[in-house]
Engineer: 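Before we start, here is the structure in question, set down as structure tokens.
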Amino acid sequence: MSEGAKELSMSEQAKAAVEMEVEVVEAEEVEALDGTREISATELQSITEALIFVADEPLDAKTISKVLRVEQSAVDDAIQSLAEEYDRRGGGLQLREIAGGWQISTRPENHEHVRAYLKSRPSAKLSLASLETLAVIAYKQPVTVPEILEIRGVQSPSAIKTLLDKKLIVAKGRKETVGRPMMYGTSKEFLIQFGLKDLSELPSIEDFQDLAAE
Amino acid sequence: MDDSPVTETVTTTTGSAGENSTPTISVAGAAPTIAPDREHDQLKITLGEFEGPLDLLLYLIRQEQINIYDIPIARITDEYLRYLNLMQELDLALAGDFLVMAAQLIELKSRMLLPRDPLAAEEELEDPRTELVNRLLEHEKFKAAAQMLWSRATVEQAVFTRAEIETDKNNPEVAVGLFDLLTVFQKILARHKEEVMMEIEREEVSMAEMIERLRNMIRSAGELNLVTFFERAQSRRELVVAFLTVLELVRMAEISLTQKETFGEIVARAASPA
């Protein structure tokens with residue numbers, strides 16, 4: 001603060017501070033309205049890669065564009081050329097779209113060695129009953145417990161509980177019918193664990209028809 | 001017995017195999033086998049993996065190589081009931097679903113035997129088996145879908161993302177400071193003070209012995225609450241040696257200390273070779 005500022009009363013000081021802040025905000029807004037923070041395509045690509053790398057979950061272009069305050073289309077382009085770069089390089093990592101976002105992961109071809117290093121073994125995560133229940137929920141969602149019973153021909157309370165515990169399914173409200181049963185659907189975690197971009201990537205259930213009829 | 005596979009031992013008839021038992025992906029399964037279980041002196045009976053009546057029915061149809069669109073209801077009903085009898089003889093807790101299906105099959109069988117009503121409306125002339133066939137096909141589709149999910153999950157398990165990034169929150173190791181260690185030490189020291197002890201013969205424990213003791217305790221238990229370690233000290237002097245030992249092993253990066261919360265327990269474990 002300058003000598004002059006000390007002579008200002010408290011309220012005037014506060015006022016001055018607010019004014020300064022307003023100016024700063026305005027300056028930022030102008031920048032944002034332009035939509036073009038001066039980020040070159042190369043720089044944007046580099047930042048995007050870094051963000052996808054540190055993100056705990058698959059990261060979508062919208063989130064990145066919000067953080068960087070750049071047009072989403074620019075981020076889309078950056079991701080696209082990044083993905084191409086990853087493919088071209090044919091390295092140990094891949095950049096792939098999963099559960100509505102992008103994620104950097106190892107390529108499956110390397111799994112043996114990665115596992116050897118991590119000293120981890122592939123774990124069979126779900127029982128047959130849980131898998132079948134999950135399949136019904138994935139294709140019929142939102143679906144109620146009685147509807148699952150109809151298809152599976154057997155009660156599946158413990159399977160439902162397991163799937164809820166593993167966060168693979170979520171409650172999707174109640175069905176407006178007798179008894180108002182709870183409806184279930186698959187979660188984002190389901191997409192991640194089964195390597196799906198979105199639900200439309202699941203093969204059509206009718207494709208299993210031929211298989212079933214033999 | 002809800003949706004657990006029908007694989008049970010004679011003596012444990014009600015025990016459900018549980019959700020997390022070894023999952024097997026196989027279309028409903030093998031013929032029943034009886035094998036003596038030597039370890040437990042029991043007979044182990046395997047009836048295949050029947051996830052309920054539809055599964056059992058599908059299995060029977062496949063085994064008899066029957067055209068699913070033209071099921072000989074009488075034959076399949078007999079087969080089905082034979083299986084139920086076997087299961088009952090073995091004193092397996094039969095799920096109600098199995099009995100419901102048996103009733104439906106018998107009803108179907110009787111309807112097939114009756115001549116069709118020539119005066120019946122067109123839509124009532126429908127094959128009485130249609131509904132069952134549709135249910136079976138629907139069920140089998142979802143079995144196939146479950147297989148698909150299983151293989152997707154298997155592929156997905158071959159893909160790894162980066163390890164968790166270290167932050168103070170998920171790495172309590174960095175949160176243990178010398179002061180936390182001192183606090184625990186002070187507590188034990190204070191507790192020792194309260195006990196009036198007659199030290200008749202002082203047993204001297206050397207630093208080397210103490211290091212050996214700590215190593216052994218960690219090796220045998222995998223991880224060790226420092227309080228437990230300090231409490232073994234017989235005297236104040238031994239306690240000091242114990243404390244120095246912990247410091248020494250941490251310095252040599254032989255052990256690492258973790259503390260989940262402030263003033264919580266400090267746990268020592270062998271340091272992972274980083």
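Since this is a predicted model, take the numbers as computed values, not measurements. Residue numbers start from 1 in every chain, and the chains themselves are labelled A, B, ... in the order their sequence lines are given, proteins ahead of strands.
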Engineer: Please report the closest heavy-atom contact between B:A146 and A:A135, naming both atoms and the distance.
Structural biologist: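 Where B:A146 meets A:A135 most closely, the heavy atoms are N-CB, 3.8 Å.
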Engineer: So for A:K161, is it side chain, backbone, both, or neither that comes closer than 4.5 Å to the heavy atoms of chain B?
Structural biologist: neither
Engineer: Would you mind listing every salt bridge (Lys or Arg N to Asp or Glu O under 4.0 Å) that reaches into residues 148-161 of chain B, with sequence neighbours excluded?
Structural biologist: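 Sorted result for residues 148-161 of chain B: A:R96-B:E156.
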Engineer: Just how far is it from atom CD of A:E132 to atom CD of B:Q147, taken to the nearest 0.5 Å?
Structural biologist: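 Separation between the atoms: 9.0 Å.
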Engineer: With a sphere of 6.0 Å drawn around CD of B:E131, does it hold more than 12 non-hydrogen atoms of other residues, nucleotides or ligands?
Structural biologist: no
Engineer: Has the side chain of B:R135 got a donor or acceptor atom that lies under 3.5 Å from a matching backbone atom of A:E150?
Structural biologist: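 Side chain of B:R135 to backbone of A:E150, a donor-acceptor pair under 3.5 Å: yes, one is there.
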Engineer: Flag the one option from A:P203, A:A138, A:G153 with the top tally of heavy-atom pairs under 4.5 Å to chain B.
Structural biologist: A:G153
Engineer: Under 4.5 Å, heavy atom to heavy atom, which residues of residues 100-113 of chain A contact chain B?
Structural biologist: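 Heavy-atom contacts from residues 100-113 of chain A to chain B are A:Q103, A:I104, A:S105, A:T106, A:R107, A:P108, A:H111.
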Engineer: Could you check B:F142 against A:I205 for side-chain contact (heavy atoms from CB on, under 4.5 Å), going step by step and ending with a plain yes or no?
Structural biologist: CA-CA 8 Å; B:F142 282 97; A:I205 189 71; 3.9 Å; yes
Engineer: So if I take each residue of residues 50-61 of chain A and look for any heavy atom under 4.5 Å from a heavy atom in chain B, which residues do I end up with?
Structural biologist: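 Result: A:F53, A:V54, A:A55, A:D56.
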Engineer: For residues 171-194 of chain A, give me every residue with a non-hydrogen atom less than 4.5 Å from any non-hydrogen atom of chain B.
Structural biologist: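 Residues of residues 171-194 of chain A touching chain B at under 4.5 Å: A:F190, A:I192, A:Q193, A:F194.
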Engineer: Any idea which heavy atoms bring B:H139 and A:I151 closest together, and the distance?
Structural biologist: ND1-O, 3.1 Å
